[in-house]
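Everything below concerns the one structure shown next.
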There are 2 protein chains.
Amino acid sequence: MRSPTEENYLKALFHLSNDKAEANISELSALLQVSKPTVNSMVKNLKKQGLVNYEKYKPLKLTEKGRKAAALVLRKHRLTEMYLVDKMGFGWEEVHDIAEQIEHIDSPVFFERMDELLGYPRVDPHGSPIPDKEGTVEVQTYQSLSNCKPGDKVKLAALMHSSADFLAFLNSRELSLGHELHVVSLESYDGSMVVNYHNHQAETLSKTVCDRLLVEPI
Amino acid sequence: MRSPTEENYLKALFHLSNDKAEANISELSALLQVSKPTVNSMVKNLKKQGLVNYEKYKPLKLTEKGRKAAALVLRKHRLTEMYLVDKMGFGWEEVHDIAEQIEHIDSPVFFERMDELLGYPRVDPHGSPIPDKEGTVEVQTYQSLSNCKPGDKVKLAALMHSSADFLAFLNSRELSLGHELHVVSLESYDGSMVVNYHNHQAETLSKTVCDRLLVEPI
DNA sequence: TTAATAAGTTAGATTAATCTAACAAATTTA
DNA sequence: TAAATTTGTTAGATTAATCTAACTTATTAA
Ligand SMILES: [Mn+2]
Ligand SMILES: [Mn+2]
Ligand SMILES: [Mn+2]
Ligand SMILES: [Mn+2]
């Protein structure tokens with residue numbers, strides 16, 4: 001069986017590879033908040049298990065076996081988040097830390113039952129895709145709100161980098177997934193936008209926020 | 001924070017102390033399936049934390065602090081078992097192994113929410129009491145079915161030692177908590193009993209089984 | 001293209017949790 | 001009570017996961 005630590009490294013490698021196709025020791029060290037020598041030795045361990053390709057001083061890459069293993073951990077994480085929100089009434093800003101622990105539970109039937117009770121959801125509460133049992137992860141093609149033009153009408157579909165801070169901000173503006181957004185205007189100087197949605201009229205959103213809101217055309 | 005290993009030792013000590021008021025190294029070693037030297041060094045660690053009273057060669061006893069810490073782990077375990085059965089549809093024979101892992105999740109709000117969704121249950125799916133948030137454990141006064149006489153009518157309230165084997169046996173006889181049992185006869189030679197309940201007439205139960213069925217008068 | 005900086009590695013130590021082998025103390029049996 | 005058995009302890013080793021200090025390799029800036 002894989003240790004929680006190994007599962008966390010795999011997940012971190014998966015995230016880094018998704019962003020930039022290749023990962024390195026320093027990024028892993030920063031992301032996992034452990035020293036570089038610690039990462040170095042764990043990477044040797046993962047290589048020995050055939051989960052990652054690694055040669056001294058070269059960039060890291062998950063093998064297919066490693067990619068799949070990582071996706072299955074991510075599946076446990078995201079199913080858990082969805083379960084916590086849909087079945088236990090937690091807010092989307094509360095679930096990540098709990099899921100970070102529950103994702104390491106070793107019980108296929110437990111996660112199977114979650115999936116079943118949830119009706120086989122395809123995304124987690126932050127709009128990220130839930131990998132299937134074979135480790136296949138749907139590729140999302142959403143655009144960032146930043147790329148929209150005044151007059152566009154779009155639906156909020158997912159978030160990029162759903163940190164607790166960001167989620168708290170969205171809560172304060174009552175912005176939830178599924179809401180329709182109407183782009184009123186774009187301030188070209190700083191990239192901020194004025195939008196209408198739900199019960200909010202002329203809400204101004206900074207470029208930082210718009211960058212992280214992933215939308216689809218209606 | 002307490003490690004999963006420490007939590008498991010506390011729970012084991014709690015169980016042993018409940019049965020016989022005092023525990024010893026060999027029993028812990030057998031129960032936890034680790035060597036005696038391993039137990040010896042963990043006991044020193046728990047003593048250093050003020051969780052157990054221990055002097056070389058003397059019997060072990062949880063301190064009040066240790067007793068409470070153990071009860072709170074047991075609370076997490078039993079709430080989880082109840083949640084798995086009531087809210088996720090697992091059988092009472094499936095939940096122990098999953099709860100053995102989930103009991104180590106560090107998230108007060110997670111177990112609070114379980115408790116709330118369950119309506120603050122006082123017993124787990126095997127009839128064992130769920131300790132309260134202060135670590136107080138209700139003392140159960142049920143009798144063993146073995147102590148009943150022909151003609152007695154009782155209700156199955158709890159199980160003693162709910163092993164997977166025992167639960168499978170009870171499932172095969174459709175015996176569940178809450179069922180009314182009518183003692184038809186007692187075979188004094190081997191202590192076996194013939195009982196009626198639910199849709200079962202003249203079911204014979206061995207002494208071993210009767211010993212482990214805890215009942216209350218109707 | 002050298003010097004400075006960043007990234008990566010090695011060596012060696014630490015801590016928690018575990019083991020086996022050897023021995024000592026306590027308890028039970030004869 | 002003496003012998004045998006059980007129980008408990010000590011010593012020393014191992015493994016996973018971590019650290020710091022020191023060093024090397026690679027990259028970037030002068
Ligand atoms: Mn998450
Ligand atoms: Mn995790
Ligand atoms: Mn249990
Ligand atoms: Mn456990």
Side-chain angles (χ1 to χ4, degrees), chain A residues 1-13 15-17 19-62 66 69-70 73 100-101 103-106, chain B residues 1-13 15-17 19-62 66 69-70 73 100-101 103-106:
Chain A
M1 208 13 56
R2 222 141 264 157
S3 73
T5 305
E6 289 168 326
E7 291 194 328
N8 286 337
Y9 275 84
L10 287 173
K11 211 154 45 86
L13 273 164
H15 286 309
L16 291 174
S17 309
D19 290 354
K20 330 187 314 141
E22 67 181 21
N24 62 46
I25 302 266
S26 292
E27 287 167 335
L28 267 180
S29 168
L31 192 57
L32 294 171
Q33 304 258 261
V34 296
S35 72
K36 286 189 278 198
T38 298
V39 173
N40 186 272
S41 78
M42 177 55 81
V43 164
K44 285 176 183 170
N45 164 25
L46 297 177
K47 178 193 164 82
K48 205 180 312 174
Q49 295 183 52
L51 297 164
V52 71
N53 287 132
Y54 156 73
E55 297 304 328
K56 265 192 185 182
Y57 299 109
K58 299 270 177 62
L60 294 162
K61 197 163 186 329
L62 285 171
V73 179
E100 203 55 56
Q101 297 180 65
E103 68 188 358
H104 306 297
I105 299 294
D106 175 26
Chain B
M1 207 15 54
R2 223 140 261 157
S3 72
T5 305
E6 288 168 328
E7 291 193 328
N8 286 337
Y9 274 85
L10 287 173
K11 211 154 44 86
L13 274 163
H15 287 308
L16 290 174
S17 308
D19 291 354
K20 331 188 314 150
E22 67 179 22
N24 63 45
I25 302 265
S26 292
E27 286 167 335
L28 266 181
S29 168
L31 192 57
L32 294 171
Q33 306 258 259
V34 295
S35 72
K36 286 189 277 201
T38 298
V39 173
N40 186 272
S41 78
M42 178 55 82
V43 163
K44 285 176 182 171
N45 164 27
L46 296 176
K47 177 193 165 83
K48 205 179 311 172
Q49 295 183 55
L51 296 165
V52 72
N53 287 133
Y54 156 73
E55 297 302 329
K56 264 192 188 184
Y57 300 107
K58 298 271 177 59
L60 295 161
K61 198 163 186 323
L62 285 170
V73 180
E100 202 56 55
Q101 298 180 64
E103 68 188 357
H104 306 297
I105 299 293
D106 174 28

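Quick note on labels: first sequence line is chain A, next is B, and so on, each numbered from 1. Hydrogens, waters and symmetry mates play no part in the numbers below; they use all other heavy atoms, side chains included. Treat the numbers as computed from the prediction; the structure is a model and nothing was measured.
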Cut-off 3.5 Å, no hydrogens considered: what does the side-chain donor-acceptor table look like for residues 30-39 of chain B, sequence neighbours left out?
from, atom 1, to, atom 2, distance (Å)
S35(B), OG, T38(B), N, 3.3
S35(B), OG, T38(B), OG1, 2.8

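Rounding to the nearest 0.5 Å gives a distance of 5.5 Å between CE of M42(B) and OG of S3(B).
Atom OH in Y57(A) sits roughly 5 Å away from atom C1' in dG8(C) (whole-Å rounding). Taking atom CD1 of I25(B) as the reference point, atom C1' of dT18(C) lies 15 Å away to the nearest angstrom. The nearest whole Å value for the distance from the CG atom in L60(B) to the C1' atom in dG8(D) is 11 Å. Put simply, CG on L32(B) is 13 Å from C1' on dT18(C), counting in whole angstrom units. Between M42(B) atom CE and dG8(D) atom P there is a gap of 17 Å when expressed in whole angstrom units. In this structure, E55(A) places its CD atom 16 Å from P of dT25(D), rounding to the nearest Å. Atom CG in L28(A) sits roughly 13 Å away from atom C1' in dG8(C) (whole-Å rounding). Atoms NZ (K47(B)) and C1' (dG8(D)) sit 15 Å apart, rounded to a whole Å.
Sorted by residue number, the members of residues 1-11 of chain B with any non-hydrogen atom under 4.0 Å from DNA chain C read S3(B), T5(B), Y9(B). Residues from residues 33-41 of chain B lying near DNA chain D, meaning a heavy-atom separation below 4.0 Å, are K36(B), P37(B), N40(B) in numerical order.
Taking each heavy atom of L60(B) and I25(B) in turn, the nearest pair found is CD1-N, 4.1 Å. Between L10(B) and G66(B) the shortest heavy-atom distance is CD2-O, 4.2 Å.
Around NZ of K47(A), the count of heavy atoms belonging to other residues, nucleotides or ligands within 6.0 Å exceeds 12.
Between E100(A) and K11(A), at least one side-chain nitrogen of the basic residue sits less than 4.0 Å from a carboxylate oxygen of the acidic one, meeting the salt-bridge criterion. Between E22(B) and K58(B) no salt bridge is recorded (no basic side-chain N to carboxylate O distance below 4.0 Å).
Residue S26(B) is the one, among K56(A) and S26(B), whose nearest nucleotide of DNA chain D lies closer to the 5' end (criterion: closest heavy atom).
Between the side chains of Q101(A) and D106(B), no donor-acceptor pair of N or O atoms lies under 3.5 Å.
Comparing dT9(C), dA17(D), dG8(D) by their nearest atom to the side chain of N24(B) picks out dG8(D).
K44(B) comes within 4.0 angstrom of the backbone, heavy atoms only, and of no base.
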key: Derivation of the side chain to side chain contact (heavy atoms under 4.5 Å, CB included) call for L28(A) and V43(A)   = CA-CA 10 Å; L28(A) 267 180; V43(A) 164; 4.2 Å; yes
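Look at K58(A) and you won't find any side-chain N or O under 4.0 angstrom from OP1 or OP2 of dG8(C).
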